[in-house]
Participant: 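Got a structure here, written out as structure tokens. Questions coming.
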Amino acid sequence: MARTAHIVRKTSESTIDLSLNLDGTGKTEIDTSVPFYNHMMTALGKHSLIDLNIKASGDTDIDVHHTVEDTAIVFGEALRQALGDKRGIRRFADATVPLDEALAKAVIDISGRPYVVCSGEPEGFEYCLIGGHFTGSLVRHVMESIALHAGICLHLQLLAGRDPHHIAEAEFKAVARALRFAIEPDPRVDGIPSTKGAL
């Protein structure tokens with residue numbers, strides 16, 4: 001059965017049209033109207049091997065926050081939808097990814113119980129403006145929005161980093177790699193990987 005999803009979400013603040021294929025090759029077409037976010041979501045698709053198409057627009061004349069947040073919400077919803085009952089997946093995974101001086105670690109449990117812990121970002125990172133529009137605080141907000149709407153437990157830890165661009169990109173790539181392995185079918189898993197019989 002195809003592990004795909006297509007969601008369109010329209011509000012007074014944004015319009016998001018997103019489709020994904022969990023069993024893809026990382027092919028992406030991303031246009032969120034926020035250049036640095038395009039870069040991050042492209043990296044997320046590429047390194048998770050999720051085919052991802054996003055067309056998003058919104059009230060970016062006010063702030064990019066709504067469009068960024070709503071795109072993350074829809075991505076999380078689509079991820080949850082495409083995973084279905086989660087039968088046969090690995091469920092748990094972690095990845096540590098460097099980018100020059102930055103080093104980020106992500107640990108994921110496709111648990112059905114959303115929880116997010118982010119730590120290690122340097123003081124003041126949340127106020128950094130990356131690419132002219134994207135603030136450092138949005139990295140955590142994106143991860144929280146994805147995890148809450150996908151039903152994922154995510155621990156994201158920055159182990160080292162100085163440059164805000166490198167920090168954000170290492171964090172996105174670490175999440176992407178951990179996601180790749182967590183959603184991957186495991187040939188040794190028979191049924192749903194939980195003692196409860198449901199995720």
Side-chain angles (χ1 to χ4, degrees), residues 3 18 20-30 32 34-54 68-69 71-72 75-76 78-79 82-83 89-111 114-131 133-186:
R3 299 195 301 164
L18 184 149
L20 59 75
N21 177 5
L22 300 186
D23 300 307
T25 59
K27 181 181 178 183
T28 60
E29 288 185 28
I30 313 291
T32 67
V34 182
F36 186 74
Y37 196 34
N38 291 347
H39 181 40
M40 294 299 96
M41 294 306 288
T42 298
L44 183 62
K46 179 71 173 179
H47 295 288
S48 65
L49 296 183
I50 295 173
D51 289 348
L52 184 57
N53 288 269
I54 303 173
V68 169
E69 176 184 43
T71 299
F75 177 75
L79 189 57
L83 281 166
I89 65 168
R90 295 189 187 279
R91 178 180 169 181
F92 301 100
D94 65 274
T96 305
V97 172
L99 179 56
D100 294 347
E101 88 296 342
L103 182 65
K105 180 177 183 178
V107 184
I108 285 178
D109 176 11
I110 310 290
S111 61
Y115 203 92
V116 180
V117 177
C118 294
S119 62
E121 291 173 349
E123 185 177 350
F125 173 73
E126 64 271 29
Y127 305 117
C128 292
L129 196 59
I130 311 169
H133 303 90
F134 194 95
T135 57
S137 64
L138 284 173
V139 176
R140 180 177 299 196
H141 193 49
V142 165
M143 299 309 172
E144 288 170 343
S145 297
I146 291 171
L148 290 173
H149 289 270
I152 289 173
C153 176
L154 168 65
H155 285 249
L156 179 59
Q157 183 179 15
L158 184 74
L159 302 173
R162 181 187 66 254
D163 182 274
H165 184 137
H166 293 169
I167 290 170
E169 190 167 344
E171 289 176 320
F172 269 86
K173 287 178 176 177
V175 169
R177 290 290 287 186
L179 194 57
R180 170 186 171 178
F181 298 120
I183 66 175
E184 190 173 68
D186 185 337

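Along the sequence shown, the residues carry numbers beginning at 1. The analysis underlying the following values was restricted to heavy atoms, covering all of them including side chains, and did not include hydrogens, waters or symmetry mates.
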Participant: Is it true that atom NE2 of H141 has more than 12 heavy atoms of other residues, nucleotides or ligands lying nearer than 6.0 Å?
Facilitator: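 Yes, enclosed.
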
Participant: Give the intermediate values and the outcome of side-chain contact (heavy atoms from CB on, under 4.5 Å) for residues V139 and I167.
Facilitator: CA-CA 10 Å; V139 176; I167 290 170; over 6 Å; no

Participant: Go through the steps to decide whether L79 and L22 satisfy the test side-chain contact (heavy atoms from CB on, under 4.5 Å), and finish with yes or no.
Facilitator: CA-CA 8 Å; L79 189 57; L22 300 186; 3.5 Å; yes

Participant: What closest approach, in Å, do R180 and S48 show between heavy atoms, and which atom pair accounts for it?
Facilitator: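 In this case the closest contact between R180 and S48 is CB-O, 3.4 Å.
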
Participant: Please enumerate all residues that pass side-chain hydrogen bond (donor to acceptor under 3.5 Å, both in side chains) together with E169, with sequence neighbours excluded.
Facilitator: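 Checked E169 against side-chain hydrogen bond (donor to acceptor under 3.5 Å, both in side chains); matches are H39, H165, K173.
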
Participant: Which heavy-atom pair separates A176 from A43 by the least distance, and what is that distance?
Facilitator: CB-O, 4.1 Å

Participant: Side-chain contact, heavy-atom cut-off 4.5 Å: T71 with V34?
Facilitator: no

Participant: How about Y127 and S137: do any of their side-chain heavy atoms sit closer than 4.5 Å?
Facilitator: no

Participant: Atom CG in D94, atom CG in D109: separation rounded to 0.5 Å?
Facilitator: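 If we round to the nearest 0.5 Å, D94:CG and D109:CG are 12.0 Å apart.
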
Participant: If you round to the nearest 0.5 Å, how far is NZ of K46 from CG of D51?
Facilitator: 10.5 Å

Participant: Calculate, to the nearest 0.5 Å, the distance between atoms OG1 and CD1 belonging to T42 and I30 respectively.
Facilitator: 5.0 Å

Participant: Taking the side chain as every heavy atom from C-beta outward, state whether M41 and T28 have any atom pair closer than 4.5 Å.
Facilitator: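 No; the side chains remain at least 4.5 Å from each other.
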
Participant: Which value, rounded to the nearest 0.5 Å, describes the distance between T96 atom OG1 and R177 atom CZ?
Facilitator: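 It comes to 11.0 Å.
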
Participant: Okay, side chain of E144, backbone of V116: is any donor-acceptor separation there less than 3.5 Å?
Facilitator: no

Participant: Take the angle between the ring planes of Y115 and H155 and call it parallel below 30°, perpendicular above 60°, tilted in between.
Facilitator: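 Judged by the thresholds at 30° and 60°, the geometry between Y115 and H155 is parallel.
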
Participant: Would you name the heavy atoms of A178 and A106 that are closest together and state the gap between them?
Facilitator: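 Closest pair (atom of A178, atom of A106, distance): CB-O, 3.8 Å.
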
Participant: What are the two closest heavy atoms between I130 and P164, and how far apart are they?
Facilitator: CD1-O, 3.7 Å

Participant: Could you grab the distance from atom CE of M40 to atom OH of Y37, nearest 0.5 Å is fine?
Facilitator: 11.0 Å

Participant: Decide side-chain contact (heavy atoms from CB on, under 4.5 Å) for V68 and V142; before the verdict, give the C-alpha distance in whole Å, the side-chain angles of both, and the deciding distance to 0.1 Å.
Facilitator: CA-CA 7 Å; V68 169; V142 165; 3.4 Å; yes

Participant: Does N53 reach the main-chain N or O of L18 with its side chain, forming a donor-acceptor pair under 3.5 Å?
Facilitator: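 No.
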
Participant: Please list, chain by chain and in numerical order, all residues satisfying side-chain hydrogen bond (donor to acceptor under 3.5 Å, both in side chains) with D186, sequence neighbours excluded.
Facilitator: R90

Participant: Do F75 and L52 have side chains that approach each other closer than 4.5 Å (heavy atoms only, starting at C-beta)?
Facilitator: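 Contact flag for F75/L52 side chains = yes.
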
Participant: Below 4.5 Å, heavy atoms only, C-beta onward: do L179 and I152 meet side chain to side chain?
Facilitator: yes

Participant: Heavy-atom count check: over 12 atoms from other residues, nucleotides or ligands less than 6.0 Å from E29 CD?
Facilitator: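 Open: at most 12 neighbouring heavy atoms sit under 6.0 Å from CD of E29.
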
Participant: Starting at OG1 of T135, measure out to CZ of R140 and round the result to the nearest 0.5 Å.
Facilitator: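 Reported to 0.5 Å precision, the distance equals 12.5 Å.
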
Participant: Identify the two heavy atoms, one from G161 and one from P122, that lie closest to each other, and give their separation to 0.1 Å.
Facilitator: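 Here G161 and P122 meet closest at O-CG, 4.4 Å.
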
Participant: How close do E121 and E171 get, counting heavy atoms only, and between which atoms?
Facilitator: OE2-OE2, 2.9 Å

